[in-house]
Amino acid sequence: LVWDVMPTSDGVYFRAEHHLFFLPDDGGPAGRWALPEEVRAFHYAGGVLYARLAGRGLCRVEDGRFVDVPGGAVFADQILAGVFERGGHGLLIGGRGLYRADNDGIERVPGPVSDWLDGRKNYASRELGDGSIAVGTLDGDLMRFDATLAVREQIDLGPFAVHDLDVDREGGLWVATEGDLVRLAMPSPWSFLGATQGLAGSPADFAW
């Protein structure tokens, strides 16, 4: 049973129930490593594969070994729903808010986004084409904040837990839940057009 498929610049990682596999693009030998029971989520960002180990925290995965990240113990007992590269530092989505990671360690980012995410059952996340980040929860909520860390929107998708998010070639966001598959235009392609923008009269039709 394969839980995650993670393409990288060198090949593809496959996270199965008890093992991690790596299939290199250059045709070299495949990698296969047993996973400890403490392993939870895997995340790939900035050319590095990360994993969260329950009771230990955030680690880098190096040739099947788990190497502690400075300050990573903050995730020993909270979920890690996403890791993103942000110009020399990492941006992490936790169960208690938003975190910044660099060579000095990991610290919580104060502000409305962290407060918004704190205490929610954050589970999956995905960066969108405009640099904003969508976060799905086990309660069926979909939240989005932009590159300036401003809260943008929250959508109730229903009673099913959000398990995964992905973006298609047209920029549509696909949301896989326990009970359905939803495609959203997020961020919305709609803009406000009124008298200030030069629109006169009552529009009768539109086209993309």
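Quick note: residue numbers are just sequence positions, from 1.
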Original post:
Quick one: do the Asp139 and Thr137 side chains pair a donor with an acceptor below 3.5 Å?
Top reply: no
Subject >> Taking every non-hydrogen atom, the tightest pair across Leu98 and Val113 >> reply: CD2-CG1, 3.9 Å
Original post:
Would Val12 and Met6 show up in the same hydrophobic cluster when neighbours are defined by side-chain heavy atoms closer than 4.5 Å?
Top reply: no
Original post:
What about Val74 and Ile79, same hydrophobic cluster or not, with Ile/Leu/Val/Met/Phe/Trp/Tyr joined at side-chain heavy-atom distances under 4.5 Å?
Top reply: no
Subject >> Within one Ile-Leu-Val-Met-Phe-Trp-Tyr cluster: Val135 and Leu173, side-chain cutoff 4.5 Å >> reply: no
**OP:** Treat each ILVMFWY residue as a node, draw an edge where side-chain heavy atoms are under 4.5 Å apart, and state whether Met186 and Val182 are in one component.
**Re:** yes
Original post:
What's the shortest heavy-atom distance between Pro24 and Pro29, and which atoms?
Top reply: CG-O, 3.6 Å
Subject >> Where Ser125 and Ala81 come nearest, the two heavy atoms and their spacing >> reply: OG-O, 2.7 Å
**OP:** State which residue, out of Leu184, Leu128, Leu142, fulfils the side chain to side chain contact (heavy atoms under 4.5 Å, CB included) condition with Leu165.
**Re:** Leu142
**OP:** Measure the spacing between CG of Leu35 and CZ of Phe42 and express it to the nearest 0.5 Å.
**Re:** 5.0 Å
Original post:
Taking all non-hydrogen atoms of both residues, which atom of Trp33 and which atom of Asp63 are closest, and how far apart?
Top reply: NE1-O, 3.3 Å
Subject >> Pairs flagged by side chain to side chain donor-acceptor pair (under 3.5 Å) wherever residues 72-92 is involved - sequence neighbours left out >> reply: Asp77-Arg96, Gln78-Tyr99, Arg86-Glu127, His89-Arg100
Original post:
What are the two closest non-hydrogen atoms of Leu80 and Val83, and how far apart are they?
Top reply: CD2-CG2, 3.8 Å
**OP:** Give the cluster check for Val69 versus Phe66: same hydrophobic cluster or not, with ILVMFWY residues linked at side-chain heavy-atom distances below 4.5 Å.
**Re:** no
**OP:** Taking all non-hydrogen atoms of both residues into account, name the closest pair between Ala30 and Leu23 and its distance.
**Re:** CB-CD1, 4.4 Å
Original post:
Can you name the residues that form a side chain to side chain donor-acceptor pair (under 3.5 Å) with Arg15, not counting sequence neighbours?
Top reply: none
Do any side-chain atoms of residues 196-207 form donor-acceptor pairs under 3.5 angstrom with protein atoms, and if so which ones, sequence neighbours left out?
residue : atom : partner : partner atom : Å
Gln197  : OE1  : Gly194  : N            : 2.7

Subject >> Any side-chain donor near an acceptor of the partner, Ser132 and Arg144, under 3.5 Å >> reply: yes
